[in-house]
Visitor: 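I am attaching a structure below and will ask some questions about it afterwards.
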2 protein chains.
Amino acid sequence: MTAADAGTPRERYRAQVRDEVKLHAREQIAAAGASALSLNAIAKRMGMSGPALYRYFANRDELITELVKDAYRSLADAVRDAPEGAGVAEFAHVLRAWALEDRQRYFLVYGTPIPGYEAPEDTTLIASEIMAVLLRACAAEPPAAPGTAAPDTTALDAHLAGHRAWAPDPAVPAAALSRALAVWTRLHGVLSLELSGHFVGMGFDPAELFAAEVRSLTGR
Amino acid sequence: MTAADAGTPRERYRAQVRDEVKLHAREQIAAAGASALSLNAIAKRMGMSGPALYRYFANRDELITELVKDAYRSLADAVRDAPEGAGVAEFAHVLRAWALEDRQRYFLVYGTPIPGYEAPEDTTLIASEIMAVLLRACAAEPPAAPGTAAPDTTALDAHLAGHRAWAPDPAVPAAALSRALAVWTRLHGVLSLELSGHFVGMGFDPAELFAAEVRSLTGR
DNA sequence: AAGAAAAGTGATAGCCTCTAACTGAACGAT
DNA sequence: ATCGTTCAGTTAGAGGCTATCACTTTTCTT
């Protein structure tokens, strides 16, 4: 489960320690945010001295990057493991469940970026994997419900038709692209504000708002 | 402009220094994010020793809180200064312009929160001021364009009708509430992902996506 | 001009990241 | 079985940070 079973005993031990470090890191991040993560504190909690951890992670940034990658991976797994042929509604449900399970993990992926920090290739690859799942869900579903009219995305569709570096597969129609972007941005909009606590004093149930947004995206 | 003109000379001097500190703080945040803000570095850049700044700000958190409050205030001013009777489209335009002007300022308001940090009363007051402007824009505008059908929000409206602690004015119809929430969350969804750089490798123009979202919100 | 209030200082405690030099244990090859 | 290498872990320490304290200097008030 924790990827600590491969090769020589030394490698296994190494992987085990790395996993334990990440475990404590996740706890620390959940408690006080990513900016409060301290290698020193983790080392002490593991019963070893600070510099020892530098055998396992080159620096603090590498540990955080690792956690970001894990978070991405975890989200990609979650949306990919949805039942075959699942649609936008299922995607939304899985996303929300994943986000609520650990809000700091969500922010690791979609939170405020640090200026100058460039996401490594790996994470952008996983990101496009997530996007691929969403695109598949959008393409497989009726582009709009019969009764209700879909929002007019023809102008956007035209633009996307010529700027689809992120979805080069010509089998995916342009309408699916704009739909995927709408799903992504709208769900993120509601989720992000909910997880940030911006709805706290307002009195309504964020789940209702999310559900309404999903309905509007799936054409009721 | 910088609120450094009131009362005794001492108070003026004090306000001036505080403003200068905040100026450097904003620069530092823009360069490396809020988590990299250092009172020490600011002091040195101002030609004084570290502890001197503690005469002006109780601690680092108070400085950041002040910057957050300023950011909120600035956004509230921006949306309030829109021409009288401005609608959702103007609101969206002002919001995007404000966000692009200084992305870190946007994240100060809508970015990843620090667990345990509670926004002071002031900021929530300003937040509701912003919301009031948005509500006014939503209420003043035709609830939906004639041709296109609006998304079905009746279920959400029913919920909001009973949970509108954030908009107790009965003159504002429930439909305006759900519309305001949609505007807020959807614009934030697009803007936040754009500012975070999540669209970077994708090849399309975020402005087009934003414009499409605004069209969909204003019923074309 | 004398006294009070406030601004600024250096010293210091206690965190942190990260490097460097060193010790000790496990491992592979002879 | 032993030797030499490799790797985990240690302490020491440089340099950064927040924040407090005691102290000096400046400035305002009376």
Side-chain angles (χ1 to χ4, degrees), chain A residues 2-68 114-117, chain B residues 4-68 114-117:
Chain A
T2 39
D5 28 51
T8 73
R10 245 186 186 154
E11 280 168 339
R12 281 179 36 184
Y13 176 74
R14 217 185 141 69
Q16 196 177 314
V17 172
R18 275 179 71 98
D19 277 353
E20 194 181 337
V21 171
K22 294 206 270 185
L23 188 84
H24 286 277
R26 274 187 291 267
E27 278 173 15
Q28 219 176 87
I29 286 180
S35 60
L37 186 145
S38 152
L39 288 192
N40 229 324
I42 293 173
K44 267 171 199 161
R45 213 171 289 184
M46 286 177 66
M48 50 210 270
S49 246
L53 291 199
Y54 287 80
R55 296 270 173 210
Y56 299 92
F57 297 91
N59 49 44
R60 207 187 95 129
D61 256 37
E62 189 184 294
L63 171 56
I64 293 184
T65 299
E66 197 76 12
L67 295 171
V68 171
I114 296 172
Y117 176 83
Chain B
D5 29 51
T8 74
R10 233 178 196 160
E11 280 169 339
R12 281 179 38 185
Y13 176 75
R14 218 184 140 70
Q16 197 176 313
V17 173
R18 276 178 70 99
D19 276 354
E20 193 180 338
V21 171
K22 294 206 270 184
L23 187 85
H24 286 278
R26 273 188 292 267
E27 278 172 16
Q28 220 176 85
I29 286 182
S35 60
L37 186 146
S38 152
L39 289 192
N40 230 324
I42 292 173
K44 267 172 198 159
R45 214 170 289 183
M46 287 177 65
M48 47 211 269
S49 245
L53 291 198
Y54 287 80
R55 297 269 175 212
Y56 299 92
F57 297 92
N59 50 44
R60 209 187 93 125
D61 256 36
E62 188 185 294
L63 172 55
I64 293 183
T65 299
E66 198 75 12
L67 295 171
V68 171
I114 296 172
Y117 176 81

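As the structure is a prediction and not an experimental result, all values here were calculated from the model. Throughout, a chain's letter reflects where its sequence line sits, starting with A, and its residues are numbered from 1.
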Visitor: Got a sec, which residues hit side-chain contact (heavy atoms from CB on, under 4.5 Å) with A/Ala52, two or more places apart in sequence or on another chain?
Guide: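 By the side-chain contact (heavy atoms from CB on, under 4.5 Å) rule, A/Ala52 matches A/Met48.
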Visitor: Scan A/Phe57 against the nucleic acid and name what it touches under 4.0 Å (heavy atoms): base, sugar-phosphate only, or nothing.
Guide: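 If one applies the 4.0 Å heavy-atom cut-off, A/Phe57 turns out to touch nothing in the nucleic acid.
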Visitor: How many angstroms lie between atom CZ of A/Arg26 and atom CD1 of A/Ile42, to the nearest 0.5 angstrom?
Guide: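 Separation between the atoms: 10.5 Å.
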Visitor: How long is the straight-line distance from NZ of B/Lys44 back to CG of B/Leu53, given to the nearest 0.5 Å?
Guide: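 Nearest 0.5 Å value for the CG-NZ distance: 11.5 Å.
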Visitor: Name every donor-acceptor pair, under 3.5 Å, that has one atom in a side chain of residues 27-34 of chain A and the other anywhere in the protein, sequence neighbours excluded.
Guide:
from, atom 1, to, atom 2, distance (Å)
A/Gln28, OE1, A/Ser38, N, 2.6

Visitor: Under a criterion of less than 4.0 angstrom to any heavy atom of chain A, what are the 5'-terminal and 3'-terminal contacting nucleotides of DNA chain C?
Guide: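 Nucleotide range in contact with chain A: C/dC16 to C/dA26.
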Visitor: Taking any heavy-atom pair under 4.0 Å as a contact, classify A/Arg60: base, sugar-phosphate, or nothing.
Guide: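 Touches sugar-phosphate only.
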Visitor: So B/Arg10, base contact, sugar-phosphate only, or nothing? Heavy-atom distance under 4.0 Å.
Guide: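 It contacts base atoms.
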Visitor: How many angstroms lie between NE2 in A/His24 and CE in A/Met46, if you round to the nearest 0.5 Å?
Guide: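 Here the interatomic distance stands at 5.5 Å.
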Visitor: On DNA chain C, check which nucleotide each of A/Tyr54 and B/Ser49 is closest to and give me the residue with the more 5' one.
Guide: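 The 5'-side residue here is B/Ser49.
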Visitor: Under 4.0 Å from a heavy atom of chain B: give me the 5'-most and 3'-most nucleotides of DNA chain D that qualify.
Guide: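 With heavy atoms of chain B under 4.0 Å away, the range is D/dC17 to D/dC28.
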Visitor: Please report the shortest heavy-atom distance between A/Asn40 and A/Gly50, naming the atom on each side.
Guide: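 Reported closest heavy-atom pair: OD1-CA, 3.7 Å.
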Visitor: Closer than 3.5 angstrom, by distance alone: can the side chain of A/Arg14 be matched with the main-chain N or O of A/Arg55 as a donor-acceptor pair?
Guide: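 Here the side-chain-to-backbone pair exists.
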Visitor: Under 3.5 Å, which donor-acceptor pairs do the side chains of residues 57-65 of chain A form with other protein atoms, sequence neighbours left out?
Guide:
from, atom 1, to, atom 2, distance (Å)
A/Asn59, OD1, A/Asp61, N, 3.2
A/Asn59, OD1, A/Glu62, N, 2.9
A/Arg60, NH1, A/Leu37, O, 2.7
A/Thr65, OG1, A/Asp61, O, 2.8
A/Thr65, OG1, A/Tyr117, OH, 2.9

Visitor: Using heavy atoms and a sub-4.0 Å distance, could you list which residues of residues 28-41 of chain A are near DNA chain D? By number, please.
Guide: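 Close to the strand, none.
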